[in-house]
Number of protein chains: 2
Amino acid sequence: MARTTGSDGEKTEAAVREAAVNLIARLGYEAMSMRQLAAEVGVQAAALYRYFPTKEDLLFTLMREHMEGLQQAWSTARPAAADPMSRLAAYVENHIAFHIERRHSTHVSNMELRSLSHERLTQILKMRTAYEKELRAILRDGAEAGVFEIDDTGLTAMALIQMMTGVIVWFRPGERLSVTEVTASYLSMTMRLVGATISHGTARPSGRARDAVAL
Amino acid sequence: MARTTGSDGEKTEAAVREAAVNLIARLGYEAMSMRQLAAEVGVQAAALYRYFPTKEDLLFTLMREHMEGLQQAWSTARPAAADPMSRLAAYVENHIAFHIERRHSTHVSNMELRSLSHERLTQILKMRTAYEKELRAILRDGAEAGVFEIDDTGLTAMALIQMMTGVIVWFRPGERLSVTEVTASYLSMTMRLVGATISHGTARPSGRARDAVAL
DNA sequence: GAATTAATAAAACGAACGTTCAATTAATTC
DNA sequence: GAATTAATTGAACGTTCGTTTTATTAATTC
(Lines give C-alpha, C1' and ligand atoms only; values in the text may rest on other atoms or scores of the structure.)
Protein backbone atom coordinates (compact mmCIF):
# COMPACT_ATOMS: atom_id res chain seq x y z
CA MET A 1 0.00 0.00 0.00
CA ALA A 2 0.97 3.63 -0.35
CA ARG A 3 -1.17 6.73 -0.50
CA THR A 4 -4.57 5.91 0.94
CA THR A 5 -7.89 7.03 -0.45
CA GLY A 6 -9.17 10.23 1.08
CA SER A 7 -5.81 11.10 2.60
CA ASP A 8 -5.28 14.83 3.15
CA GLY A 9 -2.09 16.44 4.36
CA GLU A 10 -3.73 19.20 6.34
CA LYS A 11 -6.08 16.88 8.14
CA THR A 12 -3.31 14.43 8.93
CA GLU A 13 -1.08 17.14 10.32
CA ALA A 14 -3.88 18.43 12.54
CA ALA A 15 -4.57 14.90 13.73
CA VAL A 16 -0.89 14.42 14.54
CA ARG A 17 -0.79 17.60 16.62
CA GLU A 18 -3.86 16.71 18.58
CA ALA A 19 -2.79 13.13 19.21
CA ALA A 20 0.70 14.28 20.17
CA VAL A 21 -0.56 16.76 22.77
CA ASN A 22 -2.75 14.12 24.36
CA LEU A 23 -0.14 11.38 24.29
CA ILE A 24 2.70 13.55 25.58
CA ALA A 25 0.48 14.92 28.34
CA ARG A 26 -0.42 11.38 29.39
CA LEU A 27 2.84 9.49 28.90
CA GLY A 28 5.49 12.19 28.76
CA TYR A 29 7.55 13.19 25.74
CA GLU A 30 10.33 10.66 26.24
CA ALA A 31 7.94 7.82 26.93
CA MET A 32 5.86 8.44 23.83
CA SER A 33 7.25 6.70 20.76
CA MET A 34 6.73 7.88 17.23
CA ARG A 35 5.19 4.52 16.42
CA GLN A 36 2.69 4.96 19.24
CA LEU A 37 1.79 8.41 17.99
CA ALA A 38 1.42 7.13 14.44
CA ALA A 39 -0.84 4.32 15.58
CA GLU A 40 -3.04 6.84 17.41
CA VAL A 41 -3.39 8.82 14.20
CA GLY A 42 -3.96 5.68 12.15
CA VAL A 43 -0.84 5.94 10.05
CA GLN A 44 2.64 4.47 9.81
CA ALA A 45 5.49 6.08 11.72
CA ALA A 46 7.29 7.15 8.57
CA ALA A 47 4.33 9.31 7.56
CA LEU A 48 4.89 11.59 10.55
CA TYR A 49 8.17 12.78 9.06
CA ARG A 50 6.36 14.43 6.22
CA TYR A 51 5.06 16.99 8.72
CA PHE A 52 7.72 17.20 11.39
CA PRO A 53 11.39 16.57 10.56
CA THR A 54 12.19 15.28 14.04
CA LYS A 55 10.41 14.35 17.25
CA GLU A 56 11.83 17.42 18.92
CA ASP A 57 10.52 19.65 16.15
CA LEU A 58 7.09 18.31 16.89
CA LEU A 59 7.44 19.09 20.59
CA PHE A 60 8.77 22.54 19.92
CA THR A 61 5.93 23.33 17.53
CA LEU A 62 3.36 22.33 20.12
CA MET A 63 5.00 24.46 22.78
CA ARG A 64 5.51 27.50 20.61
CA GLU A 65 1.92 27.47 19.47
CA HIS A 66 0.75 27.07 23.05
CA MET A 67 2.69 30.13 24.12
CA GLU A 68 1.52 32.11 21.10
CA GLY A 69 -2.04 31.15 21.94
CA LEU A 70 -1.59 32.33 25.50
CA GLN A 71 -0.17 35.67 24.46
CA GLN A 72 -2.91 36.14 21.92
CA ALA A 73 -5.64 35.24 24.39
CA TRP A 74 -4.31 37.81 26.83
CA SER A 75 -3.90 40.54 24.22
CA THR A 76 -7.57 40.03 23.36
CA ALA A 77 -8.79 39.91 26.95
CA ARG A 78 -6.59 42.74 28.22
CA PRO A 79 -8.63 45.83 29.11
CA ALA A 80 -7.57 48.91 27.16
CA ALA A 81 -7.01 51.30 30.02
CA ALA A 82 -8.25 50.40 33.43
CA ASP A 83 -7.39 50.46 37.11
CA PRO A 84 -4.97 47.83 38.44
CA MET A 85 -7.72 45.83 40.11
CA SER A 86 -9.71 45.40 36.91
CA ARG A 87 -6.57 44.54 35.04
CA LEU A 88 -5.59 41.98 37.64
CA ALA A 89 -9.06 40.49 37.54
CA ALA A 90 -8.86 40.23 33.76
CA TYR A 91 -5.44 38.59 33.98
CA VAL A 92 -6.59 36.00 36.48
CA GLU A 93 -9.77 35.20 34.60
CA ASN A 94 -7.96 34.86 31.31
CA HIS A 95 -5.18 32.79 32.78
CA ILE A 96 -7.44 30.29 34.47
CA ALA A 97 -9.87 30.02 31.55
CA PHE A 98 -7.04 29.45 29.11
CA HIS A 99 -5.24 26.90 31.22
CA ILE A 100 -8.31 24.88 32.04
CA GLU A 101 -9.35 24.89 28.41
CA ARG A 102 -5.90 23.77 27.31
CA ARG A 103 -4.94 21.50 30.17
CA HIS A 104 -3.03 18.98 28.09
CA SER A 105 -1.19 21.61 26.13
CA THR A 106 -0.21 23.38 29.35
CA HIS A 107 1.02 20.14 30.83
CA VAL A 108 3.27 19.62 27.83
CA SER A 109 4.59 23.17 27.82
CA ASN A 110 5.38 23.11 31.53
CA MET A 111 6.71 19.59 31.98
CA GLU A 112 8.71 18.88 28.86
CA LEU A 113 10.93 21.93 28.68
CA ARG A 114 14.03 19.89 29.41
CA SER A 115 13.62 17.94 26.21
CA LEU A 116 14.22 21.05 24.12
CA SER A 117 17.59 22.09 22.79
CA HIS A 118 19.19 25.00 24.60
CA GLU A 119 18.31 27.42 21.85
CA ARG A 120 14.68 26.43 21.67
CA LEU A 121 14.34 26.33 25.43
CA THR A 122 15.52 29.93 25.54
CA GLN A 123 12.98 30.86 22.91
CA ILE A 124 10.06 29.38 24.85
CA LEU A 125 11.23 30.84 28.15
CA LYS A 126 11.44 34.25 26.55
CA MET A 127 7.80 34.04 25.56
CA ARG A 128 6.84 32.90 29.01
CA THR A 129 8.76 35.71 30.66
CA ALA A 130 7.07 38.26 28.43
CA TYR A 131 3.70 36.96 29.51
CA GLU A 132 4.62 37.00 33.21
CA LYS A 133 5.99 40.50 32.85
CA GLU A 134 2.46 41.71 32.20
CA LEU A 135 1.38 40.46 35.61
CA ARG A 136 4.34 42.09 37.32
CA ALA A 137 3.45 45.39 35.66
CA ILE A 138 -0.09 45.18 36.97
CA LEU A 139 1.11 44.38 40.48
CA ARG A 140 3.65 47.19 40.41
CA ASP A 141 1.09 49.72 39.20
CA GLY A 142 -1.36 48.60 41.86
CA ALA A 143 1.25 48.79 44.58
CA GLU A 144 2.36 52.26 43.50
CA ALA A 145 -1.24 53.47 43.40
CA GLY A 146 -1.75 52.13 46.90
CA VAL A 147 -4.46 49.75 45.74
CA PHE A 148 -2.39 46.65 46.50
CA GLU A 149 -0.21 45.73 49.45
CA ILE A 150 2.75 43.82 48.08
CA ASP A 151 6.08 42.91 49.64
CA ASP A 152 7.92 41.87 46.53
CA THR A 153 6.38 42.21 43.08
CA GLY A 154 8.43 39.49 41.40
CA LEU A 155 7.90 36.98 44.16
CA THR A 156 4.17 37.70 44.31
CA ALA A 157 3.85 37.30 40.56
CA MET A 158 5.52 33.90 40.68
CA ALA A 159 3.38 32.81 43.61
CA LEU A 160 0.20 33.83 41.82
CA ILE A 161 1.14 32.16 38.58
CA GLN A 162 2.08 28.92 40.29
CA MET A 163 -1.16 29.02 42.23
CA MET A 164 -3.30 29.68 39.17
CA THR A 165 -1.56 27.29 36.80
CA GLY A 166 -1.75 24.63 39.50
CA VAL A 167 -5.46 24.40 38.77
CA ILE A 168 -4.73 21.98 35.95
CA VAL A 169 -3.21 19.50 38.36
CA TRP A 170 -6.39 18.82 40.27
CA PHE A 171 -9.22 20.32 38.24
CA ARG A 172 -11.29 17.90 36.19
CA PRO A 173 -14.17 19.32 34.14
CA GLY A 174 -17.56 18.00 35.11
CA GLU A 175 -16.68 17.26 38.71
CA ARG A 176 -17.65 19.08 41.89
CA LEU A 177 -16.82 22.58 40.72
CA SER A 178 -17.53 24.42 37.51
CA VAL A 179 -15.00 26.59 35.72
CA THR A 180 -16.96 29.66 36.76
CA GLU A 181 -16.89 28.69 40.43
CA VAL A 182 -13.19 27.91 40.37
CA THR A 183 -12.39 31.18 38.63
CA ALA A 184 -14.46 33.15 41.14
CA SER A 185 -12.71 31.47 44.06
CA TYR A 186 -9.27 32.06 42.62
CA LEU A 187 -10.10 35.67 41.87
CA SER A 188 -11.17 36.14 45.44
CA MET A 189 -8.02 34.49 46.79
CA THR A 190 -5.87 36.55 44.46
CA MET A 191 -7.39 39.83 45.56
CA ARG A 192 -6.91 38.96 49.20
CA LEU A 193 -3.35 37.78 48.56
CA VAL A 194 -2.35 41.10 46.99
CA GLY A 195 -4.15 42.98 49.76
CA ALA A 196 -6.54 44.68 47.36
CA THR A 197 -8.50 47.48 48.93
CA ILE A 198 -11.64 49.19 47.66
CA SER A 199 -10.40 52.45 46.27
CA HIS A 200 -12.41 55.48 47.41
CA GLY A 201 -11.28 57.68 44.58
CA THR A 202 -8.08 58.67 46.35
CA ALA A 203 -5.12 56.37 46.70
CA ARG A 204 -4.17 55.44 50.25
CA PRO A 205 -0.40 55.05 50.05
CA SER A 206 0.12 53.26 53.37
CA GLY A 207 -1.65 51.40 56.15
CA ARG A 208 -2.96 47.92 56.08
CA ALA A 209 -6.02 46.56 54.35
CA ARG A 210 -9.15 47.80 56.00
CA ASP A 211 -11.78 46.96 53.48
CA ALA A 212 -11.06 43.60 52.01
CA VAL A 213 -12.75 43.06 48.71
CA ALA A 214 -15.62 40.62 48.64
CA LEU A 215 -15.94 39.05 45.20
CA MET B 1 38.03 -6.96 36.64
CA ALA B 2 35.43 -7.77 39.23
CA ARG B 3 35.11 -6.57 42.82
CA THR B 4 37.14 -3.40 43.23
CA THR B 5 39.32 -2.57 46.19
CA GLY B 6 37.56 -0.55 48.83
CA SER B 7 34.11 -1.28 47.41
CA ASP B 8 31.31 -1.10 49.98
CA GLY B 9 27.68 -1.98 49.34
CA GLU B 10 26.20 0.62 51.64
CA LYS B 11 28.26 3.43 50.23
CA THR B 12 27.54 2.41 46.67
CA GLU B 13 23.81 2.25 47.31
CA ALA B 14 23.84 5.71 48.88
CA ALA B 15 25.84 7.04 45.94
CA VAL B 16 23.34 5.51 43.53
CA ARG B 17 20.40 7.17 45.29
CA GLU B 18 22.02 10.57 45.32
CA ALA B 19 23.16 10.39 41.72
CA ALA B 20 19.74 9.12 40.65
CA VAL B 21 17.87 12.00 42.30
CA ASN B 22 20.11 14.54 40.63
CA LEU B 23 20.08 12.90 37.23
CA ILE B 24 16.33 12.29 37.16
CA ALA B 25 15.68 15.85 38.32
CA ARG B 26 17.86 17.18 35.53
CA LEU B 27 17.09 14.84 32.65
CA GLY B 28 13.83 13.20 33.61
CA TYR B 29 13.30 9.57 34.52
CA GLU B 30 12.76 8.28 31.00
CA ALA B 31 15.67 10.24 29.60
CA MET B 32 18.13 8.95 32.20
CA SER B 33 19.68 5.62 31.24
CA MET B 34 20.97 3.09 33.69
CA ARG B 35 24.36 3.31 32.00
CA GLN B 36 24.41 7.06 32.53
CA LEU B 37 23.54 6.62 36.18
CA ALA B 38 26.19 3.96 36.60
CA ALA B 39 28.81 6.19 34.99
CA GLU B 40 27.91 8.98 37.40
CA VAL B 41 28.46 6.63 40.32
CA GLY B 42 31.65 5.28 38.78
CA VAL B 43 30.43 1.75 38.28
CA GLN B 44 29.13 -0.53 35.53
CA ALA B 45 25.40 -0.66 34.81
CA ALA B 46 25.10 -4.26 35.95
CA ALA B 47 26.22 -3.29 39.45
CA LEU B 48 23.10 -1.18 39.94
CA TYR B 49 20.96 -4.29 39.87
CA ARG B 50 22.49 -5.50 43.08
CA TYR B 51 20.68 -2.66 44.87
CA PHE B 52 17.54 -2.08 42.83
CA PRO B 53 15.90 -4.92 40.90
CA THR B 54 14.52 -2.61 38.22
CA LYS B 55 14.73 1.02 37.16
CA GLU B 56 11.18 1.58 38.34
CA ASP B 57 12.03 0.14 41.75
CA LEU B 58 14.71 2.76 42.04
CA LEU B 59 12.28 5.55 41.16
CA PHE B 60 9.67 4.26 43.56
CA THR B 61 12.17 4.02 46.40
CA LEU B 62 13.24 7.62 45.88
CA MET B 63 9.65 8.82 45.86
CA ARG B 64 8.53 6.80 48.85
CA GLU B 65 11.43 8.01 50.93
CA HIS B 66 10.75 11.58 49.87
CA MET B 67 7.16 11.33 51.02
CA GLU B 68 8.15 9.63 54.26
CA GLY B 69 10.62 12.41 54.89
CA LEU B 70 7.96 15.01 54.31
CA GLN B 71 5.54 13.37 56.71
CA GLN B 72 8.25 12.96 59.31
CA ALA B 73 9.37 16.57 58.98
CA TRP B 74 5.82 17.74 59.55
CA SER B 75 5.16 15.44 62.48
CA THR B 76 8.27 16.94 64.11
CA ALA B 77 7.41 20.54 63.29
CA ARG B 78 3.71 20.27 64.06
CA PRO B 79 2.76 22.23 67.19
CA ALA B 80 1.17 20.06 69.86
CA ALA B 81 -1.99 22.03 70.48
CA ALA B 82 -2.26 25.50 69.12
CA ASP B 83 -4.61 27.93 67.46
CA PRO B 84 -5.23 27.55 63.70
CA MET B 85 -3.07 30.51 62.81
CA SER B 86 0.02 29.13 64.57
CA ARG B 87 -0.62 25.75 63.05
CA LEU B 88 -0.97 27.23 59.59
CA ALA B 89 2.23 29.21 60.07
CA ALA B 90 4.06 26.06 61.14
CA TYR B 91 2.70 24.18 58.12
CA VAL B 92 3.81 26.85 55.68
CA GLU B 93 7.24 27.21 57.22
CA ASN B 94 7.85 23.49 57.28
CA HIS B 95 6.56 22.99 53.77
CA ILE B 96 8.72 25.69 52.23
CA ALA B 97 11.84 24.79 54.19
CA PHE B 98 11.51 21.13 53.30
CA HIS B 99 10.86 21.71 49.62
CA ILE B 100 13.66 24.19 49.17
CA GLU B 101 16.06 21.89 50.97
CA ARG B 102 15.02 18.94 48.83
CA ARG B 103 14.39 20.64 45.53
CA HIS B 104 15.64 17.80 43.35
CA SER B 105 13.80 15.17 45.29
CA THR B 106 10.59 17.20 45.09
CA HIS B 107 11.03 17.61 41.37
CA VAL B 108 11.28 13.86 40.98
CA SER B 109 8.31 13.12 43.21
CA ASN B 110 6.09 15.64 41.45
CA MET B 111 7.09 15.18 37.82
CA GLU B 112 7.69 11.47 37.42
CA LEU B 113 4.52 10.04 38.88
CA ARG B 114 3.35 8.78 35.50
CA SER B 115 6.29 6.42 35.29
CA LEU B 116 5.03 4.40 38.26
CA SER B 117 2.83 1.36 37.97
CA HIS B 118 -0.79 1.90 38.90
CA GLU B 119 -0.36 0.22 42.26
CA ARG B 120 2.68 2.23 43.24
CA LEU B 121 1.19 5.45 41.97
CA THR B 122 -1.76 4.86 44.26
CA GLN B 123 0.58 4.27 47.17
CA ILE B 124 2.45 7.54 46.65
CA LEU B 125 -0.74 9.52 46.08
CA LYS B 126 -2.15 8.14 49.29
CA MET B 127 0.81 9.50 51.21
CA ARG B 128 0.48 12.83 49.50
CA THR B 129 -3.22 13.04 50.25
CA ALA B 130 -2.59 12.28 53.91
CA TYR B 131 -0.14 15.15 54.07
CA GLU B 132 -2.50 17.55 52.33
CA LYS B 133 -5.31 16.48 54.62
CA GLU B 134 -3.43 18.08 57.51
CA LEU B 135 -3.61 21.45 55.79
CA ARG B 136 -7.30 21.06 55.07
CA ALA B 137 -7.91 20.30 58.74
CA ILE B 138 -6.11 23.45 59.79
CA LEU B 139 -8.07 25.54 57.30
CA ARG B 140 -11.36 23.99 58.39
CA ASP B 141 -10.65 24.56 62.08
CA GLY B 142 -9.65 28.13 61.38
CA ALA B 143 -12.74 28.77 59.30
CA GLU B 144 -15.01 27.27 61.96
CA ALA B 145 -13.34 29.33 64.67
CA GLY B 146 -13.89 32.45 62.57
CA VAL B 147 -10.17 33.11 62.37
CA PHE B 148 -10.02 32.45 58.62
CA GLU B 149 -12.29 33.52 55.80
CA ILE B 150 -12.42 30.66 53.35
CA ASP B 151 -14.78 29.92 50.46
CA ASP B 152 -13.86 26.32 49.89
CA THR B 153 -11.44 24.46 52.14
CA GLY B 154 -10.35 21.88 49.59
CA LEU B 155 -9.81 24.38 46.84
CA THR B 156 -7.90 26.73 49.11
CA ALA B 157 -5.65 23.92 50.31
CA MET B 158 -4.78 22.98 46.73
CA ALA B 159 -4.14 26.60 45.81
CA LEU B 160 -1.84 27.08 48.80
CA ILE B 161 0.09 23.89 48.16
CA GLN B 162 0.59 24.68 44.51
CA MET B 163 1.72 28.18 45.43
CA MET B 164 4.17 26.99 48.07
CA THR B 165 5.59 24.04 46.18
CA GLY B 166 6.01 26.30 43.18
CA VAL B 167 8.90 27.91 45.00
CA ILE B 168 11.21 25.19 43.73
CA VAL B 169 10.55 26.20 40.14
CA TRP B 170 12.10 29.63 40.42
CA PHE B 171 14.02 29.68 43.70
CA ARG B 172 17.79 29.25 43.48
CA PRO B 173 19.77 29.33 46.72
CA GLY B 174 22.28 32.13 46.91
CA GLU B 175 20.45 34.50 44.60
CA ARG B 176 18.49 37.64 45.36
CA LEU B 177 16.42 36.25 48.21
CA SER B 178 17.31 34.10 51.20
CA VAL B 179 15.23 31.17 52.40
CA THR B 180 14.18 33.20 55.40
CA GLU B 181 12.97 36.09 53.27
CA VAL B 182 11.08 33.82 50.92
CA THR B 183 9.43 31.98 53.79
CA ALA B 184 8.40 35.25 55.45
CA SER B 185 6.87 36.53 52.23
CA TYR B 186 4.98 33.33 51.58
CA LEU B 187 3.72 33.25 55.13
CA SER B 188 2.43 36.77 54.73
CA MET B 189 0.75 35.96 51.43
CA THR B 190 -0.78 32.82 52.91
CA MET B 191 -2.26 34.64 55.86
CA ARG B 192 -3.79 37.26 53.62
CA LEU B 193 -5.09 34.63 51.22
CA VAL B 194 -6.97 32.80 53.97
CA GLY B 195 -8.24 36.10 55.33
CA ALA B 196 -6.58 35.61 58.70
CA THR B 197 -7.76 38.08 61.31
CA ILE B 198 -6.18 38.96 64.63
CA SER B 199 -8.27 37.11 67.13
CA HIS B 200 -9.37 39.23 70.07
CA GLY B 201 -10.08 36.30 72.33
CA THR B 202 -13.56 35.80 70.90
CA ALA B 203 -14.22 34.25 67.55
CA ARG B 204 -16.03 36.48 65.09
CA PRO B 205 -18.05 34.01 63.04
CA SER B 206 -18.96 36.32 60.15
CA GLY B 207 -18.10 39.60 58.50
CA ARG B 208 -15.17 40.37 56.33
CA ALA B 209 -11.56 40.84 57.33
CA ARG B 210 -11.06 44.05 59.21
CA ASP B 211 -7.64 43.59 60.72
CA ALA B 212 -5.35 41.98 58.23
CA VAL B 213 -2.34 40.41 59.83
CA ALA B 214 1.01 42.04 59.29
CA LEU B 215 3.79 39.54 59.51
C1' DG C 1 45.22 -19.92 54.80
C1' DA C 2 41.19 -22.16 53.01
C1' DA C 3 36.37 -21.48 52.35
C1' DT C 4 32.82 -18.43 51.90
C1' DT C 5 30.48 -14.31 50.95
C1' DA C 6 30.12 -9.55 48.90
C1' DA C 7 30.73 -6.54 45.13
C1' DT C 8 31.73 -5.81 40.89
C1' DA C 9 33.12 -6.20 35.61
C1' DA C 10 32.44 -7.78 30.98
C1' DA C 11 29.74 -9.44 27.60
C1' DA C 12 25.67 -10.47 25.70
C1' DC C 13 20.28 -10.60 25.06
C1' DG C 14 16.20 -9.33 22.59
C1' DA C 15 13.41 -5.45 22.13
C1' DA C 16 12.43 -0.88 21.03
C1' DC C 17 13.91 3.46 19.57
C1' DG C 18 14.17 7.62 16.00
C1' DT C 19 14.84 7.97 11.43
C1' DT C 20 15.67 7.03 6.29
C1' DC C 21 14.76 5.17 1.81
C1' DA C 22 12.59 3.22 -2.01
C1' DA C 23 8.36 1.81 -3.83
C1' DT C 24 3.51 2.60 -4.57
C1' DT C 25 -0.86 4.56 -5.07
C1' DA C 26 -4.31 8.62 -4.92
C1' DA C 27 -5.24 13.07 -6.37
C1' DT C 28 -4.36 16.88 -9.32
C1' DT C 29 -2.79 19.32 -13.38
C1' DC C 30 -2.48 19.97 -18.15
C1' DG D 1 -5.61 10.31 -20.41
C1' DA D 2 -0.81 11.23 -19.64
C1' DA D 3 2.25 13.55 -16.54
C1' DT D 4 3.00 15.31 -12.23
C1' DT D 5 2.56 15.94 -7.49
C1' DA D 6 0.93 14.54 -2.73
C1' DA D 7 0.55 11.13 0.73
C1' DT D 8 1.64 7.07 2.51
C1' DT D 9 3.47 2.18 3.19
C1' DG D 10 6.82 -1.37 4.28
C1' DA D 11 11.19 -2.56 5.18
C1' DA D 12 15.36 -1.60 6.89
C1' DC D 13 19.40 0.96 9.45
C1' DG D 14 22.29 1.60 13.25
C1' DT D 15 21.85 2.73 18.06
C1' DT D 16 20.46 2.49 22.56
C1' DC D 17 17.70 0.63 26.01
C1' DG D 18 16.80 -2.28 30.49
C1' DT D 19 18.25 -6.39 32.04
C1' DT D 20 20.60 -11.12 32.68
C1' DT D 21 24.36 -14.23 32.97
C1' DT D 22 28.79 -15.62 34.00
C1' DA D 23 33.21 -14.91 35.60
C1' DT D 24 36.37 -12.66 38.68
C1' DT D 25 38.28 -10.44 42.49
C1' DA D 26 38.11 -8.25 47.37
C1' DA D 27 36.80 -8.85 51.93
C1' DT D 28 35.38 -11.70 55.60
C1' DT D 29 34.81 -15.91 58.24
C1' DC D 30 36.41 -20.01 60.28
Side-chain angles (χ1 to χ4, degrees), chain A residues 1-24 26-63 108 112 114-117 120, chain B residues 1-24 26-63 108 112 114-120:
Chain A
M1 269 197 290
R3 178 166 191 171
T4 54
T5 59
S7 61
D8 177 338
E10 282 192 33
K11 285 182 184 171
T12 304
E13 181 169 350
V16 170
R17 285 166 197 259
E18 195 192 326
V21 167
N22 293 332
L23 272 182
I24 297 176
R26 191 165 77 233
L27 310 173
Y29 170 76
E30 295 283 353
M32 178 200 74
S33 75
M34 294 299 269
R35 285 173 178 82
Q36 223 173 339
L37 173 57
E40 192 81 8
V41 178
V43 100
Q44 290 298 316
L48 302 174
Y49 289 83
R50 166 164 258 270
Y51 307 102
F52 302 97
T54 68
K55 192 185 178 186
E56 198 212 314
D57 276 283
L58 169 57
L59 177 64
F60 177 66
T61 300
L62 296 177
M63 287 185 170
V108 173
E112 309 293 351
R114 58 187 160 202
S115 294
L116 292 179
S117 69
R120 284 171 162 176
Chain B
M1 274 197 286
R3 179 168 188 168
T4 55
T5 62
S7 62
D8 178 335
E10 283 192 32
K11 285 182 185 171
T12 304
E13 181 169 351
V16 170
R17 284 164 198 260
E18 195 192 325
V21 167
N22 293 332
L23 272 182
I24 297 175
R26 193 164 74 233
L27 311 172
Y29 169 77
E30 294 283 353
M32 178 201 73
S33 76
M34 295 299 269
R35 285 173 178 83
Q36 222 173 339
L37 173 58
E40 191 83 6
V41 178
V43 101
Q44 290 298 315
L48 302 175
Y49 290 83
R50 168 164 257 271
Y51 307 101
F52 302 96
T54 68
K55 191 184 179 187
E56 198 212 314
D57 276 282
L58 169 58
L59 176 64
F60 178 65
T61 300
L62 297 178
M63 288 185 170
V108 173
E112 309 294 351
R114 58 187 160 202
S115 294
L116 292 178
S117 69
H118 178 72
E119 187 190 346
R120 286 172 160 173

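Because the structure is predicted, anything quoted here is derived from the model rather than measured. So that the names make sense, note that chain A is the first sequence line, chain B the second, and so on, each numbered from 1.
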Side-chain donor-acceptor pairs under 3.5 Å in residues 14-24 of chain A, sequence neighbours left out?
from	atom 1	to	atom 2	distance (Å)
A/R17	NH1	A/E65	OE1	2.5
A/R17	NH1	A/E65	OE2	2.7
A/R17	NH2	A/E13	OE2	2.6
A/N22	ND2	A/E18	O	3.3

Which heavy atom in A/M63 sits nearest to a heavy atom in A/V108, and how many Å separate them?
CE-O, 3.3 Å
Residues B/E112, A/R114: salt bridge by 4.0 Å N-O rule
yes
What verdict does the side-chain contact (heavy atoms from CB on, under 4.5 Å) test give for B/K55 and B/L48, after you've listed the backbone C-alpha separation in whole Å, the side-chain angles of each residue and the deciding distance to 0.1 Å?
CA-CA 9 Å; B/K55 191 184 179 187; B/L48 302 175; over 6 Å; no
With a 4.0 Å heavy-atom cut-off, tell me which residues in residues 49-61 of chain A come close to DNA chain C, sorted by residue number.
A/Y49, A/T54, A/K55
Please answer whether the main-chain N or O of B/E56 pairs with a side-chain N or O of B/Y29 as donor and acceptor at a distance below 3.5 Å.
yes
Per the end-axis method with five pairs at each terminus, what is the bend angle of the helix from C/dG1-D/dC30 to C/dC30-D/dG1, to 10°?
10°
Interface residues of residues 28-38 of chain B with DNA chain C (non-hydrogen, below 4.0 angstrom):
B/R35
Tell me every residue that passes side-chain contact (heavy atoms from CB on, under 4.5 Å) with A/R35, counting only those two or more places apart in sequence or in another chain.
A/S33, A/A45
Is there a side-chain contact between B/T4 and the phosphate of C/dA9, meaning an N or O under 4.0 Å from OP1 or OP2?
no
Closest non-hydrogen atom pair, B/S115 against B/E30
OG-OE2, 3.7 Å
Kindly compute the distance separating CG (B/L59) from CZ (B/R120), expressed to the nearest 0.5 Å.
9.0 Å
Rounded to the nearest Å, what distance is computed from the CG atom of residue A/L48 to the P atom of nucleotide C/dT20?
13 Å
Below 4.0 angstrom from OP1 or OP2 of D/dA27, is there any side-chain N or O of B/T5?
no
Expressed in angstrom and rounded to an integer, what is the separation of A/Q44 atom CD from C/dT24 atom P?
16 Å
How would you list, by chain and number, every residue that makes a side chain to side chain donor-acceptor pair (under 3.5 Å) with A/T54, sequence neighbours excluded?
A/D57
